[in-house]
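Everything quoted here is computed from the prediction, not taken from an experiment. In what follows, chains carry the letters A, B, and so on, assigned in the order in which the sequence lines appear, proteins first and then strands, with residues in each chain numbered from 1.
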Amino acid sequence: MPITAIRGFNDILPAEALVWRRIEETAWRIFLTYGFSEIKLPVVEKTALFSRSIGEATDIVEKEMYTFSDRSNESLTLRPEGTASVVRAYIEHKLYVAPVTRLYYTGPMFRYERPQKGRYRQFYQMGAEVLGEESPMADAETISMLMSFFKAVGVIGARLNINSLGCSSCRPAYKDALRVFLKDRVSALCDNCQRRLEANPLRALDCKGVGCIEATADAPAIIESLCASCSTHFDGLKSSLNDAGVEYAVNPRMVRGLDYYTKTTFEITADTGLGSQNAVAAGGRYDGLVEELEGPKTPCFGFAVGVERLSLLLGKDVAVKTPINVFIALGHEPRSKGSELIRGLRDKGMVVIEEFSEGALKNRMKRADRLGASRVIILGEDELKEGVVTIKDMATAAQEKVRFEELADRLGAS
RNA sequence: GUGGGCGUAGCUCAACUGGUUAGAGCGCUGGACUGUGACUCCGGAGGCUGGGGGUUCGAGCCCCCUCGUCCACCCCA
C-alpha cells in the first residue's frame, strides 16, 4: 500500500487553491483598509498557552488537542486556534505600547475530531484581532468589515447572530440563576447537559436535544441579567450595527465554546452548502485574556473565518483565467529560437508552457489542448526560415502567421 | 469517543434472489490523418472487486475482523 495523507489532513489541489487565493487576496485587500497588519505566528506553542486561554474544561482542551512531548520533554501543542498565539505575541513583544493594535493572521489549525463536511483535523482560519479598544464601535466596525469581505468575495445568504455573554461581574450571577432554574427540570436534560450543569450550565441553552430545548424554552436570558457596563456595551453594539446598515439577529441562546469570551459574541452562518457545520465565521470580545496571560489589562475583540467552509460557499467558478500559450517547436533549430521567444513573452508576464515531447504534431497538439491551451504557437523549419511563428487559437481554430517581433504584441492584444 | 452509508479500471458508475471469462461512458494509447487539438470511425492497454478470514460445489454480492472514506452526533471555524 502506498503512503497516503493522514485522516482529516487534506491536499488542496490547484483548482481549489485558486479559490483560496482569491479568498485570501480579497480579505487582505479589505482588512488593510481598516488598518490591520499581518502577523505570522508559529504553528506549535507550549501546551499551557492553550489550556490557560481556551479553558481547562473546554472540549478543545480536554479532548481535541494534538499534544506531544518534544525531545527535551516539553509539552507542546499544535495550535487549535489563533487568538491565543496572537495574544502571546502581543504580550511577548510589548505591542501594547501602541494605543490600539489591529492584527490579522492566516494558517492551519489542528483539532483531533472526526472529519465531516466542513470539518477537518487540519483546517485553515483567517483571523483578525483588535487589541486595546473597548468601544462597542470597534466590535461593530470589525463585524461590518467581515460582512463587507463576505460580500466582496461572493457569499450569499450569510446571517449574523449576536449575543452578549456578560463579564466577570455579571456572568457568575447569571450562571447561578440558570443553574437554579435547570435543577428543577434536570431530568428533562440530556446526559451531556446534566453532566456539565455545574461547570457550564450555559451549554444547555445551545443544545439541540429536544428535551433540552423544551426545558430551556423559558429559561432566563443572559442579556436580561447584564450589568450596567455590559448592557451599555451591548446597546452600543446594536446601534453601531444599525448605523452601519448591518443586519443581525440577537440570539440569546448562542454560547461559545471558548472560555475567554466576554460581552459581545457573534457567529455568521450560512443555510446552504455547509452541512450541519453551518458557522463560517465567529468571534467576540475577550477583555480578560491579555491579563490572564500576564499582560496588561487590555480589552480586545476578534474573529476567525473557516477557509474550507467559506470555500464551500463559493463554488469553483470564481477563478480568474489567464490565457495559456503552449509553445511547440518542431526540431532542434526552432527549439533554440523558441527559447528566446518564450523568454521574451514571459518577461512581459504572459503564461507560456513549452510542449517538450517529440512525437507527431498531432499528439503534441492534443497534449497542448489538455494542458488547457488557449493558443498554440508553432515554430517549425518552414516558419524559422520565414522569421514567423504560426499561432493557432484553440477555441476558434483560426490560424495566422506572425513575425517574431510582433509575437508579443499580437498575443497581448487578443 | 458514538451511530449510519459507501469502498468494483485513472474518473463516474453497472453486474437480476450468490452462478461461466466482472461491463459501460469518460480518460489513456495506436491508427484512419507522417505539420494541426477539440468532432467522427476502427483497434489496444488498463481490475489480486480496499485488505484478511469464514460460509458455500461456487462469493463483487452472505457473515466476522480490519483499514479507508463520507454523513451525522458531540463540539466547533
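- Aromatic pair A:Phe31/A:Phe149: centroids less than 6.0 angstrom apart.
- Nucleic acid contact class of A:Ala397 (heavy atoms, under 4.0 Å, all strands): base.
- Proximity of A:Asn363 to the phosphate of B:rU36: no side-chain N or O atom is located under 4.0 Å from OP1 or OP2.
- For B:rU2, the base has a donor-acceptor partner in the side chain of A:Arg114 [N/O atoms by modelled type, under 3.5 angstrom].
- Checking B:rG37, B:rG35, B:rA77 against every side-chain atom of A:Thr390, the shortest atom distance belongs to B:rG35.
- Under 3.5 Å, the side chains of A:Thr390 and A:Glu383 contain a donor-acceptor pair of N or O atoms.
- Taking the six-membered ring for Trp, A:Tyr104 and A:Trp28 have ring centres closer than 6.0 Å.
- Nearest nucleotide to the A:Arg256 side chain, out of B:rA77, B:rC28, B:rG37: B:rA77.
- Comparing the C1' positions of B:rG1 and B:rC11 gives a spacing of 35 Å, expressed to the nearest Å.
- Proximity of A:Lys362 to the phosphate of B:rU36: no side-chain N or O atom is located under 4.0 Å from OP1 or OP2.
- Which of B:rC74, B:rA77, B:rA38 sits closest to the side chain of A:Leu258 comes down to B:rA77.
- Between B:rC74, B:rG37, B:rG35, one nucleotide has an atom nearer to the side chain of A:Asp369 than all others, and that is B:rG37.
- Residue A:Arg367 places no side-chain N or O under 4.0 Å from the OP1 or OP2 atom of B:rG27.
- Side-chain atoms of A:Leu330 lie closest to B:rG35 of the nucleotides B:rC73, B:rG35, B:rG30.
- Not one side-chain nitrogen or oxygen of A:Arg111 sits closer than 4.0 Å to the OP1 or OP2 atom of B:rC75.
- Separating the P atom of B:rG10 from that of B:rG47 is a span of 7 Å, rounded to the nearest Å.
- Between the side chain of A:Arg119 and the base of B:rC70, no donor-acceptor pair under 3.5 Å is found.
- Under the side-chain hydrogen bond (donor to acceptor under 3.5 Å, both in side chains) rule, A:Arg88 has a single partner from A:Glu45, A:Glu294, A:His93, which is A:Glu45.
- At a cut-off of 3.5 angstrom, counting only N and O atoms as typed in the model, there is a donor on one side and an acceptor on the other between the side-chain of A:Glu383 and the base of B:rG35.
- Distance check on atom P: B:rA77 versus B:rC73 gives 16 Å, rounded to whole Å.
- Protein atom NZ of A:Lys117 is 11 Å distant from nucleotide atom P of B:rC70, rounded to whole Å.
- Between A:Tyr120 atom OH and B:rU69 atom C1' there is a gap of 12 Å when expressed in whole angstrom units.
- Base-pair partner of B:rU69: B:rG5 (Watson-Crick or G-U wobble, both distances under 3.5 Å).
- Straight-line distance between the P atoms of B:rC16 and B:rU34: roughly 46 Å, to the nearest whole Å.
- Contact annotation: A:Gln399 does not reach the phosphate of B:rU36 (side-chain N/O to OP1 or OP2, under 4.0 Å).
- Look at OH on A:Tyr112: it is 11 Å from P on B:rU2, rounded to the nearest Å.
- Contact annotation: A:Gln116 side-chain N/O to B:rC71 OP1/OP2 distance is not under 4.0 Å.
- When both distances must be under 3.5 Å, the Watson-Crick or G-U wobble mate of B:rC33 does not exist.
- As the counterpart of B:rU17, no nucleotide is assigned, since no Watson-Crick or G-U wobble pattern has both distances under 3.5 Å.
- Protein atom CE of A:Met394 is 13 Å distant from nucleotide atom P of B:rU36, rounded to whole Å.
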Residue pair A:Tyr112, A:Tyr66: steps toward the ring-ring contact (aromatic ring centres under 6.0 Å, His included) verdict: CA-CA 7 Å; A:Tyr112 191 87; A:Tyr66 277 92; 5.6 Å; yes
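- A side-chain donor from one of A:Asp139 and A:Thr264 sits under 3.5 Å from a side-chain acceptor of the other.
- Nucleic acid contact for A:Glu267: none, since no nucleic acid atom lies under 4.0 Å from a heavy atom of the residue.
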